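Worksheet: one structure, shown below.
Everything numeric here is computed off the predicted structure, so don't read it as measured data. We name chains A, B, ... by the order of the sequence lines, and we start the count at 1 in each one.
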Amino acid sequence: MAREIAKAYEPQRIERRWAEFWVKEALFKADPSAPGPVFSMVIPPPNVTGSLHLGHMLNHTEIDILTRWHRMRGYNTLYLPGMDHAGISTQRVVVRQLAEQGIDYRKLGREEFERRVWKWKEESGGTILRQMRQIGESCDWSRERFTLSPELSKVVREVFVRLYEEGLIYRATRLVNWCPDCLTVLSDLEVVHEERLGHLWYINYPIRGTKEFLAVATTRPETMLGDTAVAVHPEDERYKHLVGKKALLPLIHREIPIIADEMVDREFGTGAVKVTPAHDPNDFELGRRHQLAEIDVMTDDAHMNAHAGEYAGMDRFEARKKIVEDLKAQGLLQKITDHTNAIGLCERSKTAVEPRISTQWFCKMKDLAAPAIEAVEEYEPGKRNRISILPDNRRTEYLNWMRNIRDWTLSRQLWWGHRIPAWYCKENQHVTVERETPSKCATCGSANLEQDPDVLDTWFSSALWPFSTMGWPEETADFKTYYPTSLLITGYDILFFWVARMIMMGLHFTGNVPFRAVYLHSLVRTGSGEKMSKSKGTGLDPVALNQQYGTDAMRFCLASMAAPGTDIVLSDDKLGSARNFANKIWNAARFVLSNISKFADMGIDTADMLSPAWGGGLSPRTHDSEQKLCDRWIYSRLWRASEQIHEALENYRFHEAAQSIYHFFWGDFCDWYLEWVKPDINPREAPTIRQTHAYQRLIAVFSASLRLLHPFMPFITEELWFQLYEFGKPKDLPYRSLALENYQVVTHEVEDQIAEEGMSLLQELIVAARNIRAELRIDTKCKVKAECLIQNPEARSLIQANLEPVLRLATLSDIHFAKTSLDPTRGVLKSTALFDLLIPYGEGIDRQAEIRRLKREIEKLTKDIQAKEDRLADPDFTRKAPEHVVNNLRATKVERQLEKEKLTAQLQQLEGSQTAGT
RNA sequence: GGGCGACUAGCUCAGUUGGUUAGAGCGCUCCCCUCACACGGGAGAGGUCAAAGGUUCAAGUCCUUUGUCGCCCACCA
């Protein structure tokens, strides 16, 4: 019974099996004591808010390609998986879910709520894990980590306490970004700015004891209820006389001082500004300078509070409307103008952030940033404790941000996250910060302690990820072997949130960089160019894509688009062409193996034919005497492809690597090599030694291709590798996954310039013949005779030596080698510098069309030759340009001239014969 | 308000250090279901590299200006 590869390539049928196999066999378990150079990466932990989107797919594909590539090259490899608890995002998701069930999370209480979130974490974390396994990520699953696990929480506490003890973490009352929807403070990074068209309201503030008014301009009239001064510039002649007087705050009739401060811009608005220290960052500073009162007029959900008098209870925007109306009614509204300004929105909820005075925990950044700047600024390849950040523009962004870094607001008013390890004694409000829950106040000894209810910014634990996952602060084997990690790949959108902070924390706590290199990849966007977003429903669903095209196709497609710098827009036709490529691989394998199976049917042992697959050796000396041009050529091309892939992957140029392997496999291997050797491997009877050898060479190239392809398309290659094994590997040898095989099995020895040039000549000849046939509209099956004029005897014997494949692939019956120049009036003639090829006319041929074609060609050549001559005539060029450039140009000019002469002669003859004939 | 990026074939994009006739995929035209693959094979059309200057022997590639689009950062009411 013949073994056969399924006729159709059905990714779904093979992928599940291998995904399970890789996990079950624990193939990717890292061993810190294993030999070899180390390559380690930690995953950018996905948020447990849901499932993986295409952006993750890109990220994970890139990581996995590099991981598999290194592993196959003998590196001691670790790809550490894990997830992020994603404080604010996850809390929002669960709060929303509860709300949908009519449950107010606050009524559940903290403990119960946390329990619900953990439950959610198990579910969505499970989904994510499943997805990662589905797409074949070669992680060490035994090392999975979670930012909120007990082990990592311990590290978080350790770090927090140390920073506190070093005076880098402190508690302070400041104006902070408050999200009225998430009900928590936010760091500056979590506030996104958006230009909005708004208004500028000009309001008259009466001056006490006069009939005068002082007009102020504001974008936020509702905050006037918290005004505690009006400020003007000290040198502003218009207002000098008012400084020191009191203004009467309209609507609530509170007296406020008129003060002078340099900060005021005389050009803007009226040159007088209302000062609301509790609701504006500038005003806050100004207020502190002038010891002004700070009146918070809002509640935590951005409604007006008791300080707002009759407006209390109103939403801030309702209050704005009402206040404007009231001012108008009282004749205090001077005018309203249009004004665009950037408003700060909460990154998560997109609610307008309210600046608010609040006591929070902060982290001083300047000292932490300094070494992190140095590590990147003074990067040199090979230099210790330095990090390369690519692409370069991201490096610049990093440095700019770091140089202007501001303190980091650490605390969050959430329930899901790392509880801040600070306790306050109820008597005196002393602060105790400790690793273990304290029993008494460190200052006064009171046992009446209460822990700070807040949690840490989720990015705090993420910042520790490269070392917290390795067992730090213990000197574990993992930590010693795999830290610093080799490389970090992540999206550029979290450069500041995450990458920068990891670098600072890594350097500070381990004295070492967390990774030696960072590659920031593009984002995947939708067809309309937006960032993919599940919440907006604009993202393509990776699960559906996998179903439709297969994981390998999706991986290959992502890789082939992953050029640094530009964002990626994925589309059906691109995925389709990647799928087509997988199909091509499948069918090439089918072809190769189906022939071998026919031998098996004859009862012949085929193990021998397949043996080169396992040995891995592809010596140019294999079957030396039998090797034909095409063999030497394909080996050389294989070598070239693997060199290109190496070069590309070293520089994170995934698209170039993908392109190299694509063109090698499809263009060289399938289109030329397979076609070329078809007759040699067509099994009619028991194979001769020569035929067995032909198979061995074919299998050698094919299996080497599978190796090159494997990091990009692990499933199909593993499946086909397995099929090879089934066909011919001695059964006493257990199956060995392709993932553990050597990546590269060809050596530099197989590079063969001569063979490549020779093959290229034959290809040109074949293409020329096909070209003429198409022009003459010769039936595709009809073999015709061609005439060839070729001066170079070596080239000529090359053609003769390969006459069979040349005739077959060009569909010719014969090639007649002419002694004298070919008469273009007898047929269609194609000329290159090396040869002329003519196929005679049949009946009724369009001579005019041929004349037009020749004229076009000649014109093109004329221009080209002229350009070259001009350049060669320039003494500056010949003097200053490198020699090889000049020589190259000379050589090609001569070639072009030769070609042109030939074509001109053809044209003349054609035109001559035409006039003579008629 | 600062900074950055993009503009190359009908579409989506490659094109590292400046150096022969600027490439790919998809689409398009023509021919072929040839016993691995029509998710295929063969042949072909299509670009003054956004515009204008400049540097250079040589510019898609470097510099300047302009235009169009996009992104990031930013406490001017």
Side-chain angles (χ1 to χ4, degrees), chain A residues 5 7-9 175 188 193 200 216-220 223 231 263-265 267-270 272-276 280-285 339 341-342 344 355 393-394 396-397 400-401 404 492-493 495-496 527 529 549 553 560-561 563 565-574 576-595 647 651 653 655-656 659 662-663 670-671 674-675 678 682 767 770-775 777-781 809 811 860-861 863-864 867-868 871 874-882 884-886 888-889 891-893 895-896:
Chain A
I5 297 187
K7 183 162 167 62
Y9 163 59
L175 196 77
D188 294 336
H193 295 268
L200 205 49
V216 300
T218 180
T219 51
R220 301 198 54 199
T223 64
M263 191 201 79
V264 179
D265 179 357
E267 307 300 314
F268 190 90
T270 62
V273 56
K274 64 192 249 340
V275 182
T276 324
D280 180 276
N282 282 316
D283 296 1
F284 177 76
E285 302 228 330
H339 182 71
N341 58 332
N393 58 331
R394 303 296 170 197
T396 312
E397 270 177 32
N400 285 339
W401 186 77
N404 299 306
Y492 63 75
D493 52 336
L495 175 59
F496 307 138
Y549 298 101
S560 64
M561 307 208 55
T566 36
D567 286 345
I568 293 173
V569 179
L570 218 56
S571 61
D572 280 332
D573 60 341
K574 284 170 195 158
S577 81
R579 188 261 330 270
N580 294 353
F581 181 47
N583 187 248
K584 189 74 180 179
I585 298 168
W586 185 262
N587 278 291
R590 222 159 70 82
F591 171 67
V592 169
L593 291 183
S594 70
N595 284 330
E647 170 79 17
N651 296 293
R653 307 178 71 80
H655 66 297
E656 283 182 4
Q659 195 172 308
Y662 180 94
H663 282 127
C670 290
D671 288 348
L674 278 185
E675 294 302 330
K678 262 181 183 173
N682 189 7
V767 168
R770 287 170 173 171
N771 199 313
I772 299 172
R773 292 177 55 94
E775 227 168 277
R777 302 191 181 287
I778 296 171
D779 184 279
T780 35
K781 282 178 206 119
L809 297 179
T811 330
K860 244 167 51 184
L861 283 168
K863 267 193 201 158
D864 187 49
K868 288 184 168 50
R871 290 187 64 191
D874 183 350
D876 278 336
F877 171 70
T878 44
R879 204 174 62 240
K880 291 181 186 170
H884 74 274
V885 173
V886 180
N888 251 335
L889 195 66
T892 33
K893 195 202 83 175
E895 272 178 33
R896 295 287 129 69

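Proximity of A/Asn580 to the phosphate of B/G40: a side-chain N or O atom is located under 4.0 Å from OP1 or OP2. For A/Arg773, no side-chain nitrogen or oxygen approaches OP1 or OP2 of B/C32 to under 4.0 Å. The shortest distance between the side-chain N/O atoms of A/Lys678 and the OP1/OP2 oxygens of B/U34 is not below 4.0 Å. For the pair A/Arg770 and B/A43, the criterion of a side-chain N or O lying under 4.0 Å from OP1 or OP2 is met. Distances shorter than 4.0 Å separate some side-chain N or O of A/Asn771 from OP1 or OP2 on B/G44.
Contact of A/Lys574 with B/C26 (side chain to base): no donor-acceptor pair of N or O atoms is detected under 3.5 Å. Taking only distance into account, the side chain of A/Glu656 never meets the base of B/A24 through a donor-acceptor pair shorter than 3.5 Å. For A/Arg579 against B/C39, a side-chain-to-base donor-acceptor contact under 3.5 Å is present.
Here the nucleotide nearest the side chain of A/Ala774, chosen from B/A36, B/A43, B/C26, is B/A43. Relative to the side chain of A/Asn341, the nucleotides B/U16, B/A36, B/A77 differ in distance, and B/A77 lies closest.
Between A/His193 atom NE2 and B/G2 atom P the separation is 17 Å, expressed in whole Å. If you measure from atom CZ of A/Phe581 to atom C1' of B/C26, you get 16 Å, rounded to the nearest angstrom.
Across every non-hydrogen atom of A/Arg579 and A/Tyr9, the tightest pair is O-CE2, 4.4 Å.
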TODO: Start with the C-alpha distance between A/Asn587 and A/Asn583, add both sets of side-chain angles, then the distance that settles side-chain hydrogen bond (donor to acceptor under 3.5 Å, both in side chains), and finish with yes or no.
DONE: CA-CA 6 Å; A/Asn587 278 291; A/Asn583 187 248; 3.2 Å; yes
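Side-chain contact annotation: A/Lys574 with A/Ser560, donor-acceptor N/O pair under 3.5 Å absent.
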